[in-house]
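Everything below concerns the one structure shown next.
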Amino acid sequence: MKPNDIIHTNQSYWNDHANYWFGTTALPTYGVYFPTEDDLHLFDDVAGKKLLEICCGSGHSLKYHADHGAGELWGVDLSQKQLDNAAAYLSESGYTANLICSPMEAELNVPKNYFDYVYSIYGIGWTTDLQGTFNKIASYLKKDGIFIFSWHHTLHYCVA
Ligand SMILES: C[S@@+](CC[C@H](N)C(=O)[O-])C[C@H]1O[C@@H](n2cnc3c(N)ncnc32)[C@H](O)[C@@H]1O
């Protein structure tokens, strides 16, 4: 399959199944069998900071950071249905975020050299271009900005 076909297939899947994944893999959880953010403290104090989530899904991790006083929240996801759920979920708590519907592999319409944190919770492994995606993420971070992501270990498939 060509990368664009994979992206299109994944987009259809996530649009059709968005409601089944509502809040399932979101901070403080990093993933299945993982220590949590409450254990790891990978994020320092996010108060007033600018954060971009890659594959933001239903917006639960964005809300986690909003609850901790984040200054600016941006989220990218290829599923408009996920973003609709995220916008509704955030607005229930009086929060807003800049939500962008795009594959992470594309050049995103976000500021460069801007974010204190770019992060992705259980999303980055769906990229069809890992190096290209990492390069783009680096360009969105400001100097000394931090990239945090989680994905499963291949051993995960061997654990009942
Ligand atoms: C497990 S969910 C992540 C949930 C999210 N961490 C949260 O807090 O709700 C994975 C997300 O990755 C998105 N996704 C999959 N492939 C993508 C791609 N190529 N570019 C952008 N988003 C993608 C899906 O639409 C889905 O919302």
Side-chain angles (χ1 to χ4, degrees), residues 1-40 42-43 46 49-70 72-93 95-110 115 117-141 146-154 156-157:
M1 252 178 144
K2 291 182 185 157
N4 278 348
D5 294 337
I6 294 170
I7 290 170
H8 192 253
T9 300
N10 287 345
Q11 186 174 42
S12 298
Y13 171 84
W14 286 104
N15 277 329
D16 290 346
H17 295 81
N19 291 345
Y20 297 112
W21 290 93
F22 190 73
T24 51
T25 41
L27 290 172
T29 298
Y30 277 106
V32 183
Y33 303 125
F34 286 20
T36 69
E37 173 60 9
D38 298 331
D39 306 311
L40 297 172
L42 298 182
F43 289 88
V46 299
K49 299 282 170 61
K50 297 175 181 122
L51 283 82
L52 165 65
E53 180 170 3
I54 305 293
C55 303
C56 65
S58 51
H60 288 68
S61 296
L62 290 169
K63 178 178 180 292
Y64 176 87
H65 287 306
D67 289 341
H68 287 81
E72 225 176 272
L73 291 168
W74 296 62
V76 171
D77 202 283
L78 92 172
S79 161
Q80 186 57 52
K81 178 66 181 150
Q82 287 278 61
L83 294 179
D84 291 346
N85 284 351
Y89 178 66
L90 289 166
S91 80
E92 277 171 20
S93 303
Y95 298 137
T96 55
N98 298 298
L99 299 175
I100 297 167
C101 190
S102 172
M104 63 183 129
E105 295 89 338
E107 192 67 52
L108 302 177
N109 188 19
V110 304
F115 293 96
Y117 292 93
V118 179
Y119 69 98
S120 187
I121 310 302
Y122 237 88
I124 210 83
W126 274 284
T127 185
T128 55
D129 175 14
L130 190 60
Q131 188 61 57
T133 300
F134 280 2
N135 291 348
K136 289 188 175 72
I137 286 170
S139 76
Y140 309 140
L141 282 166
I146 294 173
F147 176 40
I148 295 171
F149 72 91
S150 67
W151 189 247
H152 59 243
H153 193 282
T154 42
H156 176 83
Y157 293 116

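Counting convention: from 1, in listed order, for ligands and their atoms alike.
- Ala97 meets the side chain to side chain contact (heavy atoms under 4.5 Å, CB included) test with Leu62, Leu73, Leu90, Leu99; sequence neighbours excluded.
- Closest heavy-atom approach to atom 23 (C) of ligand 1 within the set Thr128, Leu78, Asn85: this belongs to Leu78.
- Residues passing the side chain to side chain contact (heavy atoms under 4.5 Å, CB included) test with Gln11, sequence neighbours excluded: His8, Asn15, Leu78.
- Residue Tyr122 approaches ligand 1 through these ligand atoms, each under 4.0 Å from one of its heavy atoms: 1 (C), 10 (C).
- Ring to ring, Phe147 and Phe134 are close: their centroids are under 6.0 angstrom apart.
- Close approach of ligand 1 to Cys56 (heavy-atom distance below 4.0 Å) involves ligand atoms 5 (C), 7 (C), 8 (O), 9 (O).
- Atom 19 (N) of ligand 1 has Glu105 OE1, 3.0 Å as its closest protein atom, hydrogens excluded (heavy atom only).
- Around CG of Asp16, the count of heavy atoms belonging to other residues, nucleotides or ligands within 6.0 Å exceeds 12.
- Considering all non-hydrogen atoms of both residues, Phe34 and Trp151 come closest at CZ-O, 3.1 Å.
- For a threshold of 3.5 Å applied to N or O pairs, the pair formed by Thr127 and ligand 1 contains no separation below that value.
- For ligand 1, the atoms lying closer than 4.0 Å to a non-hydrogen atom of Ser58 are 9 (O).
- Ring centroid separation for the pair His65 and Tyr119 comes in under the 6.0 Å cut-off.
- For the pair Ser120 and ligand 1, no heavy-atom separation below 4.0 Å is found.
- Contact annotation: Gln11 has no heavy atom less than 4.0 Å from any atom of ligand 1.
- Protein heavy atom closest to atom 8 (O) of ligand 1, with residue, atom name and distance, is Ser61 OG, 3.0 Å.
- Nearest to atom 16 (N) of ligand 1 among the protein's heavy atoms is Trp126 CB, 3.4 Å.
- Heavy-atom minimum distance, Leu42 versus Glu37: N-OE1, 3.1 Å.
- Atom 18 (C) of ligand 1 has Met104 CE, 3.6 Å as its closest protein atom, hydrogens excluded (heavy atom only).
- Under the 30°/60° scheme for interplanar angles, the aromatic rings of Tyr89 and His60 are found to lie parallel.
- When ring centroids are compared, Tyr140 and Trp74 stay outside the 6.0 Å threshold.
- The closest protein non-hydrogen atom to atom 2 (S) of ligand 1 is Trp14 CH2, 3.9 Å.
- The heavy atom nearest to atom 4 (C) of ligand 1, considering only Thr25, Asp77, Asn15, Leu83, is found in Thr25.
- With a 4.0 Å cut-off on non-hydrogen atoms, Ser102 touches ligand 1 through its backbone and not its side chain.
- At under 3.5 Å, not a single nitrogen or oxygen of Ile7, backbone or side chain, sits near a nitrogen or oxygen of ligand 1.
- Among protein heavy atoms, atom 12 (O) of ligand 1 sits closest to Cys55 CB, 3.3 Å.
- For Tyr33 and His153, the ring centers sit 6.0 Å or farther from each other.
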